[in-house]
Number of protein chains: 2
Amino acid sequence: MRVPKKERQTELQHTIEQNPFITDEALATHFNVSIQTIRLDRMEMKIPELRERIKHVATERLDDVRTLTENEVIGDMIDLKLDTSAISILEILPEHAFSRNAIARGHILFAQANSLAIALIDDELALTTKANVQFTRSVHVGERVVAKAFVSSHRQDGRSDINVESFVGDECVFIGEFTVYRSSKEESR
Amino acid sequence: MRVPKKERQTELQHTIEQNPFITDEALATHFNVSIQTIRLDRMEMKIPELRERIKHVATERLDDVRTLTENEVIGDMIDLKLDTSAISILEILPEHAFSRNAIARGHILFAQANSLAIALIDDELALTTKANVQFTRSVHVGERVVAKAFVSSHRQDGRSDINVESFVGDECVFIGEFTVYRSSKEESR
DNA sequence: ACTACTATTAGTACCAGGTGATAATGGTAG
DNA sequence: CTACCATTATCACCTGGTACTAATAGTAGT
C-alpha cells in the first residue's frame, strides 16, 4: 500500500482545493493509484468532477462580491435622498479583514463611506477632494456596518461637505468628513 | 432566411459574451438555425467551445487582481524599510475607476496609501485610527500611482504618524496623514 | 485454515458537448 | 443554367467523466 486510504483522501481534498483544474487521471498518477480509486475517493468525499469544479469557480467569479471594485457603491444602499442623505449597509466578510485578527481593514470602511458620499451627489461628475476620518472602534468579521451620510453644506465653489458616521449596532465605529467636488449642472452651462 | 448571416454572427458574439455558459444547442434553438450553423459561426468568429469559455472565466478569476480585498497590500510593494519608509506602485485598471470618466475612485488611492502605512508598522497588530487625506489631482485609468510613505513619529502612546504622498510621474495626486495604532511589542509585556 | 470484510483495480455501457471531415440541399445572382 | 454561398445532415472520434458489475489482494477474526 502506498499511503493509507484516509491519509490519501484528506490529501486529495487539499490537492483539489488548491488546484481545482486537475483531472482524475493526473490525480491517479500523482497518488500512484488507479483512476477508479480516485473516483471512489471523490464519491466518498463528495467532491464533484473536474468540469463541475471549474464551472463552480467560474460562476462564483461572476456573481462575485467584486467588493471594492466594479460596484458603484460599496455595500448595499438602503436609502438615498439625493443631495441630502443616504444610508448603506456592509457586512464584513473575511476578505475584508486582516486574516490574523479578523478586524476589518480601514480602507474598507473608508470605501463604504466614500462611495456613499459620492453617490449622494446628484451630478455627472463627483470627486472626493479631501477627507478627514477617524476609526473609533475596530470592526470584526460578521458585523454589519451601517453608514449614514448627510450633506452639511453645498458650497458656492462647487464643493459639498458630507458627514458620514458608521455604526455597528449603536456603537459608532467610523466618523468621516468628506469634501466632494461636483461638476456643474446647477452651476455654469 | 431568418436573419442575415452577418447580423446573426455579431449577435451571437454578444449573446455569448454576456452569457458564456450557453451551449451550441441552446444557441441553435435561440437563433432558430441548426447546431452546425452555430458551430460554423463560432469557427469563423474564433469563439471557443463552451467548456473552454467556462475554463477561461474560471482562470481569469483565479489570477484576479482581487483588488481591495484579500491582498495585504494594495499595489505592489517595491521598497520597505520597517518602521521607516515604504513605496508601492498601483496601476489603475478600469475596475478601479468610474466607468463614466475613467477616473480612479478615491477609496482606491486611499486603500493603497492605508495598506502601505499599515505594512510599514512592524507589529502584530496595526490599525488605522485617523486619517487626513487630500486628492490633489484626478488619476486616470492606465496611470501608475507611486505611493511613498514614511513614519514621521512614533509616539509614546502606542501610535505612529505616517505621511503618504502618491505621485503619477512627478505630479502629486494624493497626500495623506495617517495615525496608526500599534499593539505593544516594544512596549508592555 | 476458512471466512468476512475492506481496499483496490478492471471493464463495460453510456453521457455531454463538443471537433473535423465529407456530403447533400436550397436559394439566388449572373 | 450554372456557379456559388449558406445551411443542414451524417458519421467517426475526443475528453472527462458517471453508473454499475465483477474480479483480485490483503488483512483480521475465530
Side-chain angles (χ1 to χ4, degrees), chain A residues 1-66 69-70 94-95, chain B residues 1-66 69-70 94-95:
Chain A
M1 218 178 276
R2 292 139 284 248
V3 163
K5 183 182 177 183
K6 247 191 161 178
E7 200 174 315
R8 167 165 40 81
Q9 289 194 339
T10 55
E11 217 177 311
L12 183 81
Q13 189 144 39
H14 273 111
T15 311
I16 291 179
E17 245 163 52
Q18 47 133 216
N19 176 21
F21 297 77
I22 192 167
T23 61
D24 286 359
E25 199 175 9
L27 287 164
T29 59
H30 176 251
F31 285 104
N32 194 27
V33 293
S34 74
I35 215 170
Q36 284 80 354
T37 303
I38 296 293
R39 314 248 224 237
L40 284 173
D41 284 350
R42 275 203 298 103
M43 297 252 154
E44 286 180 35
M45 319 284 291
K46 308 231 177 188
I47 299 171
E49 63 166 288
L50 170 65
R51 290 180 292 241
E52 290 306 311
R53 295 196 299 265
I54 293 180
K55 202 183 291 178
H56 185 77
V57 173
T59 51
E60 221 178 32
R61 184 227 136 122
L62 281 193
D63 47 53
D64 204 358
V65 205
R66 312 206 72 207
T69 59
E70 309 225 334
E95 63 260 36
Chain B
M1 218 178 273
R2 292 139 284 249
V3 163
K5 183 183 176 182
K6 246 191 161 179
E7 200 174 313
R8 168 166 39 81
Q9 290 194 338
T10 55
E11 218 178 307
L12 183 81
Q13 189 144 38
H14 273 111
T15 312
I16 292 179
E17 244 163 53
Q18 48 136 213
N19 175 205
F21 297 77
I22 192 167
T23 61
D24 286 359
E25 199 175 10
L27 287 164
T29 59
H30 176 252
F31 285 104
N32 195 26
V33 293
S34 74
I35 217 172
Q36 285 80 356
T37 303
I38 296 293
R39 312 247 224 238
L40 285 173
D41 284 350
R42 275 202 299 101
M43 296 251 156
E44 286 180 34
M45 318 284 292
K46 310 232 176 188
I47 299 171
E49 63 168 287
L50 170 65
R51 291 181 291 241
E52 290 305 311
R53 295 196 300 264
I54 293 180
K55 201 183 294 179
H56 185 76
V57 173
T59 51
E60 224 178 28
R61 183 227 139 119
L62 283 193
D63 47 52
D64 205 356
V65 204
R66 316 206 70 210
T69 61
E70 309 221 334
E95 63 260 37

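Labels below follow one simple rule: chain letters A, B, ... track the order of the sequence lines, proteins then strands, and each chain is numbered from 1.
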Peer 1: For the CG atom of Leu40(A) and the CE atom of Met45(A), what is their distance to the nearest 0.5 Å?
Peer 2: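 Reported to 0.5 Å precision, the distance equals 12.5 Å.
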Peer 1: What is the distance, rounded to the nearest whole Å, between atom CG of Leu40(A) and atom C1' of dG11(C)?
Peer 2: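 Nearest whole value for this atom pair: 14 Å.
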Peer 1: Out of Leu50(B), Thr37(B), Val33(B), Ile38(B), which one pairs with Leu27(B) under the side chain to side chain contact (heavy atoms under 4.5 Å, CB included) rule?
Peer 2: Ile38(B)
Peer 1: With each end axis built from five pairs of C1' atoms, what bend angle do you get for the helix from dA1(C)-dT30(D) to dG30(C)-dC1(D)? Round to 10°.
Peer 2: 10°
Peer 1: From Ile54(B) CD1 over to His56(A) NE2, what is the distance, rounded to the nearest 0.5 angstrom?
Peer 2: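 These two atoms lie 13.5 Å from each other.
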Peer 1: At what distance, to the nearest 0.5 angstrom, does CD of Gln9(A) lie from CG of Asp41(A)?
Peer 2: 4.0 Å
Peer 1: Would you kindly give the CE-to-C1' distance between Met43(B) and dA6(D), to the nearest whole Å?
Peer 2: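 After rounding, the reported distance stands at 16 Å.
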Peer 1: Please list, one pair per line, the donor and acceptor atoms closer than 3.5 Å that link side chains of residues 13-20 of chain A to other protein atoms, with sequence neighbours excluded.
Peer 2:
unit_1: His14(A); atom_1: ND1; unit_2: Thr10(A); atom_2: O; d: 3.3
unit_1: Thr15(A); atom_1: OG1; unit_2: Glu11(A); atom_2: O; d: 2.6
unit_1: Asn19(A); atom_1: OD1; unit_2: Phe21(A); atom_2: N; d: 3.2

Peer 1: Go nucleotide by nucleotide along DNA chain D from the 5' end; which of Gln36(A) and Ile22(A) gets its closest nucleotide reached first?
Peer 2: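 Final value for this comparison: Ile22(A).
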Peer 1: Where do Ile22(A) and Arg53(A) come nearest, in terms of heavy atoms and distance?
Peer 2: O-NH2, 2.6 Å
Peer 1: Please tabulate the protein-to-nucleotide N/O contacts below 3.5 Å involving nucleotides 13-17 of chain C, giving atom names and distances.
Peer 2:
unit_1: dG17(C); atom_1: O4'; unit_2: Arg51(B); atom_2: NH1; d: 2.8
unit_1: dG17(C); atom_1: N2; unit_2: Arg51(B); atom_2: NH2; d: 3.1
unit_1: dG17(C); atom_1: N3; unit_2: Arg51(B); atom_2: NH1; d: 3.3
unit_1: dG17(C); atom_1: N3; unit_2: Arg51(B); atom_2: NH2; d: 2.8

Peer 1: Starting at atom CD of Gln9(A), determine the distance to atom C1' of dT6(C), rounded to an integer number of angstrom.
Peer 2: 13 Å
Peer 1: Could you check how far CG of Leu27(A) sits from P of dG16(D), rounded to whole Å?
Peer 2: 12 Å
Peer 1: Expressed as a whole number of angstroms, how long is the span from Glu52(A):CD to dG17(D):P?
Peer 2: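 Checked: the CD to P distance equals 10 Å.
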Peer 1: Without decimals, in angstroms, what is the distance between Glu44(B) CD and dT7(D) C1'?
Peer 2: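 Value for this atom pair: 12 Å.
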Peer 1: OP1 or OP2 of dT7(D) versus the side-chain N and O atoms of Thr37(B): is any pair under 4.0 Å?
Peer 2: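 Checking Thr37(B) against dT7(D): no side-chain N or O falls below 4.0 Å of OP1 or OP2.
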Peer 1: Please determine if Lys5(A) and Glu44(A) form a salt bridge, counting it only when a charged side-chain N lies under 4.0 Å from a carboxylate O.
Peer 2: yes
Peer 1: Under 4.0 Å between any heavy atoms, over every strand shown, what does Arg53(A) touch: base, sugar-phosphate, or nothing? Just pick one.
Peer 2: nothing
Peer 1: In whole Å, I'd like the distance from the CZ atom of Arg8(A) to the P atom of dT6(C).
Peer 2: 16 Å
Peer 1: With rounding to the nearest 0.5 Å, note down the distance linking CD in Glu49(A) to OG1 in Thr23(A).
Peer 2: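 Interatomic distance, Glu49(A) CD to Thr23(A) OG1, rounded to 0.5 Å: 12.0 Å.
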Peer 1: Check this one for me: any side-chain N or O of Arg42(A) less than 4.0 Å away from OP1 or OP2 of dT18(D)?
Peer 2: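 Looking at the OP1 and OP2 atoms of dT18(D), one of them is under 4.0 Å from a side-chain N or O of Arg42(A).
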Peer 1: In whole angstrom, give the distance that lies between atom CD1 of Ile35(A) and atom P of dG11(C).
Peer 2: 13 Å
